[in-house]
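What follows is one structure encoded as structure tokens, with my remarks underneath.
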Amino acid sequence: MNAWFLGAGIAAALVALIHLVLGGREIARPTLTLSEMPSVVRYTNYFCWHLVTLALTLMSTGFFYSVHPGHPPEPAAAALLFSCGSALLCFGVNFRFGLNHAHHPQWALFLPVAALGAIGFLP
């Protein structure tokens with residue numbers, strides 16, 4: 001058993017749970033009530049929120065699948081690339097728009113997932 005992938009899977013599942021609970025309450029639901037926003041933008045944003053939910057769930061699933069001996073590491077590799085890319089995307093958005101990293105902290109959720117997953121690939 002790869003304990004590092006297990007840790008990354010648990011951390012990724014926590015990220016998905018945070019997204020579902022806080023993101024649903026603070027982002028998804030309030031966005032749906034913005035009547036001044038064109039409906040195509042409002043519902044596309046809502047659809048994208050659900051795509052992120054799916055991606056976060058698949059990230060944790062990839063790590064959990066690769067935990068087992070004999071299972072291929074490729075799902076964990078895909079999850080690792082997604083977690084690294086997500087952290088970098090958040091940093092990039094913060095820098096591009098001059099956002100405070102403390103007020104837009106999603107990167108801090110993805111870095112532990114990426115670190116645990118990366119260690120799982122070490123010999």
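Every value quoted in this text rests on a predicted model; they were computed, and no experiment measured them. Sequential numbering from 1 along the given sequence is applied to the chain's residues.
The neighbour count for H103 NE2, taken as heavy atoms of other residues, nucleotides or ligands under 6.0 Å away, does not exceed 12.
Atom CD1 in I10 sits 13.0 Å away from atom CG in L17 (nearest 0.5 Å). Interatomic distance, CD1 of I119 versus CZ of F5, reported as 11.0 Å (0.5 Å rounding). To the nearest 0.5 Å, atom NE2 of residue H104 and atom CG of residue N94 are 5.5 Å apart. Atoms CD and NE2, from E26 and H19 in turn, are 13.0 Å apart once rounded to the nearest 0.5 Å.
Considering all non-hydrogen atoms of both residues, R42 and M37 come closest at NH1-O, 2.9 Å. Nearest heavy-atom pair across L56 and A16 is CB-CB, 3.8 Å. Of all non-hydrogen atoms in A12 and V113, the two that sit nearest each other are N-CG2, 3.6 Å. Scanning all heavy atoms of the two residues, the minimum distance from L116 to A11 falls at CD1-CB, 4.2 Å.
Remark: P112 engages no residue in a side-chain contact (heavy atoms from CB on, under 4.5 Å) (not counting sequence neighbours). A search for side-chain contact (heavy atoms from CB on, under 4.5 Å) contacts involving I27 returns T31, not counting sequence neighbours.
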Only pairs under 3.5 Å count here: list side-chain donor-acceptor contacts from residues 57-67, not counting sequence neighbours, and write none if there are none.
residue, atom, partner, partner atom, Å
T57, OG1, T53, O, 2.8
S60, OG, T57, O, 2.9
T61, OG1, T57, O, 2.8
S66, OG, G62, O, 3.3
S66, OG, P72, O, 2.9
S66, OG, A76, N, 3.2

Can you give me every donor-acceptor pair (side chain of residues 77-90, partner residue at least two apart or in another chain, under 3.5 Å) with its distance?
residue, atom, partner, partner atom, Å
S83, OG, A79, O, 3.3
S83, OG, L80, O, 2.9
S86, OG, F82, O, 2.8

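Annotation for L32: hydrophobic cluster partners, listed by chain and number, are Y43, Y46 (ILVMFWY side-chain heavy atoms under 4.5 Å, direct or chained). Taking a 4.5 Å side-chain heavy-atom cut-off between Ile, Leu, Val, Met, Phe, Trp and Tyr, the cluster of L111 extends to F91, F95, W107.
No continuous path of hydrophobic side-chain contacts links W4 to F110 [ILVMFWY only; heavy atoms under 4.5 Å]. Criterion: ILVMFWY side-chain heavy atoms under 4.5 Å apart, direct or through other members. Under it, L20 and L14 are not part of a common hydrophobic cluster.
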Where do C48 and V52 land on the side-chain contact (heavy atoms from CB on, under 4.5 Å) test, with the steps shown first?
CA-CA 6 Å; C48 289; V52 171; 5.6 Å; no
